[in-house]
Amino acid sequence: RETMDQGSSASLDLHQILAQAQQAFNQYVADAQKHLLLVQQVATQALSALHQEQEKVKKMEQEYQNTHKLLQQYHYPKHVTLNVGGKPFSTSRTNLQKYPSSFFGRMFGGEWSLQPDSNGSYFIDRDPRYFHHIIQFLREGTIEVINEEELDKVKKEAEFYGLEELSRTLCQDE
């Protein structure tokens, strides 16, 4: 009988140990879930704060761009002199900005930060012989009839200056 009591007692002790272990495990899981929930809440708050800061930065960036464009309008004079390969050409800033994605549109649209030289002109290191065609196109949207040799040279200049409209016009004239 003593052996049975010892066996029952050992079995009872084992059940108590398992019950305690189960209880401790459940408590551990509950605590871990609470901590996970707290971490999730903190992460959600941090993400929300990050999105708010991101919106502030976007707003500030837009304000900067608007201010920069406004300043550029006052920075550049209405009439501009370009020194193309040593030869001066004058035109209005409006003409130069007609095609915003072109060399001149970017140059005088505020995308590039440029300063005129001591003579007040902007130097462009290109051959001046064909530049009057470029200026004519910017002013009038057309180009006078040119010979075959000039046509190739003006096409290259149109490509350099990013004047796709002029390139298309020249290709139609062929």
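These values consider heavy atoms only, across backbone and side chains, with no hydrogens, waters or symmetry-generated copies.
Gln97 has its side chain within reach of Arg93: a pair of non-hydrogen atoms, C-beta onward, lies under 4.5 Å apart. A 4.5 Å side-chain heavy-atom check between Glu144 and His133 finds at least one atom pair inside the cut-off. At least one side-chain heavy atom of Glu150 sits less than 4.5 Å from a side-chain heavy atom of Asn147. The shortest side-chain heavy-atom distance between Met107 and Leu96 does not fall under the 4.5 Å cut-off. Put simply, the side chain of Thr91 does not reach to within 4.5 Å of the side chain of His79, judged on heavy atoms.
Within 6.0 Å of CD in Gln41 there are more than 12 heavy atoms belonging to other residues, nucleotides or ligands. With a 6.0 Å radius and a threshold of 12 heavy atoms from other residues, nucleotides or ligands, Glu165 has its CD atom above the threshold. The number of heavy atoms from other shown groups lying within 6.0 Å of CD (Gln40) does not exceed 12.
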Q.
Before you tell me yes or no, could you show the steps for Glu53 and Lys56 under salt bridge (charged side-chain N to carboxylate O under 4.0 Å, His left out), namely the whole-Å CA-CA distance, both residues' side-chain angles and the distance that decides it to 0.1 Å?
A. CA-CA 5 Å; Glu53 288 301 311; Lys56 285 180 187 177; 3.3 Å; yes
Q: Determine, stepwise, if the pair Tyr130 / Phe160 fulfils ring pair (Phe, Tyr, Trp, His ring centres under 6.0 Å).
A: CA-CA 12 Å; Tyr130 308 103; Phe160 174 81; over 10 Å; no
Q: Start with the C-alpha gap between Phe89 and Asn83, add the side-chain angles, then the distance that decides, and say whether side chain to side chain contact (heavy atoms under 4.5 Å, CB included) holds.
A: CA-CA 6 Å; Phe89 292 87; Asn83 175 352; over 6 Å; no
**Q.** Residues Arg106, Ser102; criterion side chain to side chain contact (heavy atoms under 4.5 Å, CB included); working and verdict
**A.** CA-CA 6 Å; Arg106 293 190 317 269; Ser102 74; 5.7 Å; no
Q. After noting the C-alpha distance and the side-chain angles of Asp117 and Tyr122, does the key distance pass the side chain to side chain contact (heavy atoms under 4.5 Å, CB included) rule?
A. CA-CA 6 Å; Asp117 62 21; Tyr122 296 87; over 6 Å; no
Q. Please walk me through it: do Leu138 and Leu163 pass side chain to side chain contact (heavy atoms under 4.5 Å, CB included)?
A. CA-CA 9 Å; Leu138 291 172; Leu163 293 167; 3.9 Å; yes
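Between the CG atom in Asp13 and the CG atom in Leu18 there is a gap of 11.0 Å [rounded to 0.5 Å]. In this structure, Ile135 CD1 and Glu140 CD are separated by 11.0 Å, a value rounded to the nearest 0.5 Å. Rounding to the nearest 0.5 angstrom, the gap separating the CD1 atom in Ile124 from the CD atom in Glu157 is 10.0 Å. Here NE2 of His132 is found 11.0 Å from CZ of Arg139. Values are rounded to the nearest 0.5 Å. Put simply, CE on Met60 and CD on Glu55 are 13.0 Å apart, with the number rounded to the nearest 0.5 Å. Atom CG in Leu38 sits 6.5 Å away from atom NE2 in His35 (nearest 0.5 Å).
We find that Glu159 and Lys156 are not joined by a salt bridge, their nearest charged nitrogen and carboxylate oxygen being 4.0 Å or further apart.
Using the six-membered ring where Trp is involved, Tyr161 and Phe104 have ring planes that are parallel, under 30° apart on the 30 and 60° scheme.
With Phe131 as the aromatic partner, Arg126 does not meet the cation-pi criteria of under 6.0 angstrom to the ring centre and within 45 degrees of the ring axis.
When all heavy atoms are compared, the tightest approach of Ala158 to Leu166 is CB-CD2, 3.7 Å.
The closest donor-acceptor contact from the side chain of Asn119 to the backbone of Ser121 lies at 3.5 Å or more, if one exists at all.
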